[in-house]
Amino acid sequence: MTTPLETPSVVDATEGVDALAALFRGRRLVVLTGAGCSTESGIPDYRGPGTRARARNPIQHREFLTRPEVRARYWARSLLGWPRFSSARPNAAHQSLAELERDGHVLGLITQNVDRLHHAAGSQRVIELHGALARVRCLDCEALEPRTELQERLLALNPGFAERTAEPRPDGDAELPVEAVAAFQVAACTRCGGTLKPDVVFFGDNVPPPTVEAAFSLLEEGDALLVVGSSLAIYSGFRFLQRAADRHLPVGLVNMGECRGGELVDVRVEARAGEVLPRLAAALRAG
């Protein structure tokens, strides 16, 4: 770590941009992003200040694997949530990170998000810790299917279901009462008839070891870590802050709301990512 700031570590956007630029200038950045990077694209998060009070329990890995009614509930909600989720577009934060990579300031991204918005913005080196909702995987034969194709099959199996209205959720599905999914028909794998699962890491599951190794390898190449839009509440992200601290790397964090591991962060900016990152990109470009 660099020498701790003598002033409070939580700063506003204006002070924060200057502090982050001073911290990162001349260094190769690795960036860790969380849900707060995508909220400005219309995708809700679980732990942000606007969602904490109405948070719902996320899908649990073991329940999805063992309980057909949980799978039916997930796919019913996903049928309604997918159109809005898949139509989300990169915001200024995603675009600025892609720009910083093109300019050589960012080596690559480690993301906890499953929305593929970093790819859409033009980022090239992206490690998806939790997978991507754009893919569906068969648990029996491992065949992959684009989520867009599965949407058409779900619509055909459940005529009229898409006319329902529901509140969108952070993981690309929607809030529905239990009785609404009682008769929902779940699509099977087109190759073997097996059980389909979104190609993401549900809560209670583990990030695949090769993905973790690739992310740590990327962090080893960097001179500093920038965390964007993550509370670091879960270990899958927090471990990279710990590794950065072990390597004595400068760490900056841009996030709204509470955050784990604040004592390991050199500069923490309490502001929207879309407000801070374009200004940070401009400051680093100016030298």
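For the numbers below, each heavy atom of this structure counts, side chains included, while hydrogens, waters and symmetry mates do not. By convention here, the first residue in the shown sequence is residue 1.
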Notebook entry, point to check: Is it true that a side-chain atom of Arg89 and a backbone atom of Ser87 form a donor plus acceptor pair closer than 3.5 Å?
Noted result: yes
Note to self: Are more than 12 heavy atoms, taken from residues, nucleotides or ligands other than Arg62, located less than 6.0 Å from that residue's CZ atom?
What the structure shows: no
Next item on the list: Give a yes or no answer on whether the side chain of Ser96 reaches the backbone of Ala92 with a donor-acceptor pair at less than 3.5 Å.
Entry: yes
Check: What is the minimum heavy-atom distance between Ala13 and Val269, and which atoms define it?
Finding: CA-CG1, 4.0 Å
Notebook entry, point to check: Does some side-chain heavy atom of Leu129 sit less than 4.5 Å from a side-chain heavy atom of Phe240?
Noted result: yes
Check: Can you get from Leu232 to Leu249 by hopping between Ile, Leu, Val, Met, Phe, Trp and Tyr side chains that sit under 4.5 Å apart?
Finding: yes
Checklist line | Single-linkage hydrophobic cluster Phe202~Val186, side-chain heavy atoms < 4.5 angstrom | finding: yes
Next item on the list: Identify the heavy atoms of Pro90 and Ser41 that sit nearest to each other, and give their distance.
Entry: C-OG, 3.8 Å
Next item on the list: Check the pair Ser78, Arg147 against side chain to side chain donor-acceptor pair (under 3.5 Å), reporting the backbone distance first and the verdict last.
Entry: CA-CA 10 Å; Ser78 179; Arg147 179 63 183 80; 2.8 Å; yes
Notebook entry, point to check: Taking the six-membered ring of Tyr74 as reference, does the NZ or CZ atom of Lys197 fall below 6.0 Å from its centre and within a 45° cone about the axis?
Noted result: no
Margin query: Is there a side-chain contact between Pro83 and Gln151 in this structure, where contact means two heavy atoms from C-beta onward sitting under 4.5 Å apart?
Written below: yes
Checklist line | Backbone N/O of Val106 and side chain of Arg28: donor-acceptor pair under 3.5 Å | finding: no
Note to self: For a 4.5 angstrom cut-off between non-hydrogen side-chain atoms, does Asp115 reach Leu133?
What the structure shows: no
Next item on the list: Could you check Leu280 against Leu226 for side chain to side chain contact (heavy atoms under 4.5 Å, CB included), going step by step and ending with a plain yes or no?
Entry: CA-CA 11 Å; Leu280 176 61; Leu226 171 62; 4.2 Å; yes
Next item on the list: Please report the closest heavy-atom contact between Ala183 and Asn158, naming both atoms and the distance.
Entry: O-OD1, 4.3 Å
Check: So, Arg153 and Glu145, do they make that salt bridge, N to O below 4.0 Å?
Finding: yes
Next item on the list: Report yes if the side chains of Arg247 and Asp223 come closer than 4.5 Å at any heavy-atom pair, otherwise no.
Entry: no
Next item on the list: Name all pairs fulfilling the side chain to side chain donor-acceptor pair (under 3.5 Å) condition that reach into residues 131-142, sequence neighbours left out, sorted by first residue then second.
Entry: Arg135-Asp199, Arg137-Glu142, Arg137-Asp199
Next item on the list: In sequence, state the C-alpha distance, the side-chain angles, and the governing distance for His130 and Ser236, and then conclude on side chain to side chain donor-acceptor pair (under 3.5 Å).
Entry: CA-CA 9 Å; His130 299 157; Ser236 71; 2.9 Å; yes
Margin query: Could you work out, with side chain to side chain donor-acceptor pair (under 3.5 Å) as the rule, every residue matching Thr39, not counting sequence neighbours?
Written below: none
Check: Do the side chains of Leu32 and Leu241 get nearer than 4.5 Å, heavy atoms only?
Finding: no
Notebook entry, point to check: With distance as the sole criterion, is a donor-acceptor pair present between the side chains of Gln112 and Thr33 under 3.5 Å?
Noted result: no
Notebook entry, point to check: Would you find a donor on one side and an acceptor on the other, under 3.5 Å apart, between the side chain of Asp205 and the backbone of His61?
Noted result: no
Margin query: Whether the side chain of Glu40 engages the backbone of Gly274 through a donor-acceptor N/O pair (distance < 3.5 Å, no angle test) should be reported.
Written below: yes
Notebook entry, point to check: Of the non-hydrogen atoms in Leu253 and Ser230, which two are nearest, and what is the gap between them?
Noted result: CD1-O, 4.2 Å
Checklist line | Steps toward side chain to side chain contact (heavy atoms under 4.5 Å, CB included) verdict (Leu218, Ile127) | finding: CA-CA 9 Å; Leu218 172 58; Ile127 298 173; 4.0 Å; yes
Item checked: Hphob cluster co-occupancy, Phe161 + Trp82, side-chain heavy atoms under 4.5 angstrom -> yes
Next item on the list: Grab the two heavy atoms, one from Ala273 and one from Pro278, that are nearest each other, plus how far apart they are.
Entry: O-CD, 3.9 Å
Notebook entry, point to check: Considering all heavy atoms of both residues, which atom of Arg27 and which atom of Ala224 are nearest to each other, and what is their separation?
Noted result: CD-CB, 4.1 Å
Check: Between Glu270 and Arg268, does at least one N-O distance fall below 4.0 Å, as a salt bridge requires?
Finding: yes
Margin query: Between Leu107 and Ile110, is there shared hydrophobic-cluster membership here, with clusters defined by ILVMFWY side-chain heavy atoms closer than 4.5 Å?
Written below: yes
Margin query: Could you tell me if the side chain of Leu97 sits less than 4.5 Å from the side chain of His94, heavy atoms only?
Written below: no
Item checked: Glu69 and its salt bridge (Lys or Arg N to Asp or Glu O under 4.0 Å) partner, picked from Arg73, Arg71, Arg67 -> Arg67
Next item on the list: Check the hydrophobic clustering (I, L, V, M, F, W, Y; side-chain heavy atoms under 4.5 Å; chains of links allowed) and say if Val201 and Val136 are grouped together.
Entry: no
Notebook entry, point to check: Using 4.0 Å as the upper bound for N to carboxylate O, is an ion pair formed by Arg125 and Glu221?
Noted result: yes
